[in-house]
Amino acid sequence: MKQSFYERIYALVHEIPKGKIATYGQLALLAGSPRASRIVGAAMAKAPAGRNLPCHRVIYTDGRLLPGGAFGGMEIQRQLLQKEGVTFLRDGRVDVKRNLWQPGSLVSAALEGTENMFPDA
DNA sequence: CAAGTGACAATAA
DNA sequence: TTTATTGCCACTT
């Protein structure tokens with residue numbers, strides 16, 4: 001029985017370790033559709049309570065949080081991430097380069113050729 | 001079956 | 001640098 005992409009997304013988000021963050025594009029890539037970043041967002045938006053999804057660890061590729069206050073205020077989200085151990089830039093953005101979730105060997109094949117993902121620390 | 005929708009991402013100005 | 005537009009894919013109606 002095949003699970004919808006949404007279920008796949010939920011599983012991935014649930015796999016995000018504490019103190020790390022992931023971007024919608026990253027989750028989409030892991031889900032199997034590198035361009036389905038919007039699907040990830042849609043999945044989060046429709047994410048049913050009970051899954052305890054750490055959706056606050058999912059941010060933009062720029063390291064920017066959700067404007068408007070999808071979590072009840074993005075400042076809340078910033079506090080949460082900071083409390084988890086995620087480092088922030090002075091611009092108020094998450095340091096994606098340092099805190100991006102890197103799932104073991106799972107990505108090795110997907111990122112084949114991306115030898116230098118972090119040119120600068 | 002066709003059109004519309006959206007917690008995004010990349011490119012242009 | 002920020003703002004605006006386009007493309008994108010799965011899901012809903």
Side-chain angles (χ1 to χ4, degrees):
Chain A
M1 133 250 194
K2 299 177 182 115
Q3 296 173 323
S4 304
F5 254 75
Y6 283 34
E7 296 294 326
R8 181 82 43 104
I9 303 298
Y10 299 147
L12 288 169
V13 174
H14 186 64
E15 285 294 314
I16 302 176
K18 180 173 159 194
K20 294 272 183 170
I21 58 89
T23 66
Y24 296 97
Q26 174 95 39
L27 294 174
L29 178 67
L30 296 173
S33 296
R35 308 295 177 187
S37 46
R38 309 178 59 130
I39 314 304
V40 180
M44 296 292 101
K46 294 173 182 172
R51 303 245 181 234
N52 198 8
L53 295 173
C55 37
H56 57 271
R57 291 179 189 152
V58 185
I59 59 177
Y60 282 91
T61 45
D62 295 341
R64 198 85 104 159
L65 304 182
L66 293 174
F71 298 94
M74 62 179 179
E75 295 188 6
I76 304 300
Q77 184 179 8
R78 186 185 69 181
Q79 293 291 338
L80 279 167
L81 291 172
Q82 195 174 33
K83 191 167 157 188
E84 299 260 323
V86 176
T87 55
F88 279 74
L89 300 176
R90 291 187 61 186
D91 294 346
R93 299 185 303 181
V94 181
D95 194 346
V96 183
K97 302 248 177 218
R98 282 162 64 99
N99 298 285
L100 182 61
W101 175 46
Q102 298 180 344
S105 50
L106 178 62
V107 213
S108 295
L111 299 180
E112 179 184 358
T114 342
E115 48 205 78
N116 245 0
M117 197 166 164
F118 309 96
D120 181 57

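Heavy atoms only: backbone and side chains are in, while hydrogens, waters and symmetry mates are out.
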Using side chain to side chain contact (heavy atoms under 4.5 Å, CB included), reason through Thr23(A) and Leu27(A) one step at a time and then give a plain yes or no. CA-CA 6 Å; Thr23(A) 66; Leu27(A) 294 174; over 6 Å; no
Strictly under 4.0 angstrom, non-hydrogen atoms only: write out the protein contact profile of nucleotides 6-13 of chain C, one letter per nucleotide from the 5' end, B, S or -. -BBBBSS-
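Applying the ring-ring contact (aromatic ring centres under 6.0 Å, His included) test to pairs two or more places apart or on separate chains, those with a residue in residues 10-67 of chain A are Tyr24(A)-Tyr60(A). The stretch residues 52-62 of chain A participates, sequence neighbours left out, in these salt bridge (charged side-chain N to carboxylate O under 4.0 Å, His left out) pairs: Arg57(A)-Glu84(A). Residue pairs meeting the salt bridge (charged side-chain N to carboxylate O under 4.0 Å, His left out) criterion with at least one member in residues 34-46 of chain A: none, sequence neighbours excluded. Sequence neighbours left out, not one pair with a member in residues 15-28 of chain A passes salt bridge (charged side-chain N to carboxylate O under 4.0 Å, His left out).
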N/O donor-acceptor pairs under 3.5 Å from side chains in residues 86-93 of chain A, not counting sequence neighbours:
{"from": "Thr87(A)", "atom 1": "OG1", "to": "Asn99(A)", "atom 2": "ND2", "distance (Å)": "2.6"}

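Taking every heavy atom of residues 48-59 of chain A and every atom of DNA chain B, pairs under 4.0 Å involve Cys55(A), by number.
The environment of CD in Glu7(A) is crowded: more than 12 heavy-atom neighbours from other residues, nucleotides or ligands sit within 6.0 Å.
When rounded to the nearest whole Å, the span between CD1 of Ile21(A) and P of dC8(B) equals 15 Å. Across the protein-nucleic acid pair, Gln26(A) atom CD and dA10(B) atom P stand 12 Å apart, rounded to whole Å. Here dA9(B) presents its C1' atom at 13 Å from CG of Leu29(A), a figure rounded to the nearest Å. Between the CE atom of Met44(A) and the P atom of dC8(B) there is a distance of 12 Å, given to the nearest Å. A straight line from CG of Leu89(A) to P of dT1(C) spans 12 Å, rounded to a whole angstrom.
Partners of Tyr6(A) according to the ring pair (Phe, Tyr, Trp, His ring centres under 6.0 Å) rule, which considers only residues two or more places apart in sequence or in another chain, do not exist here.
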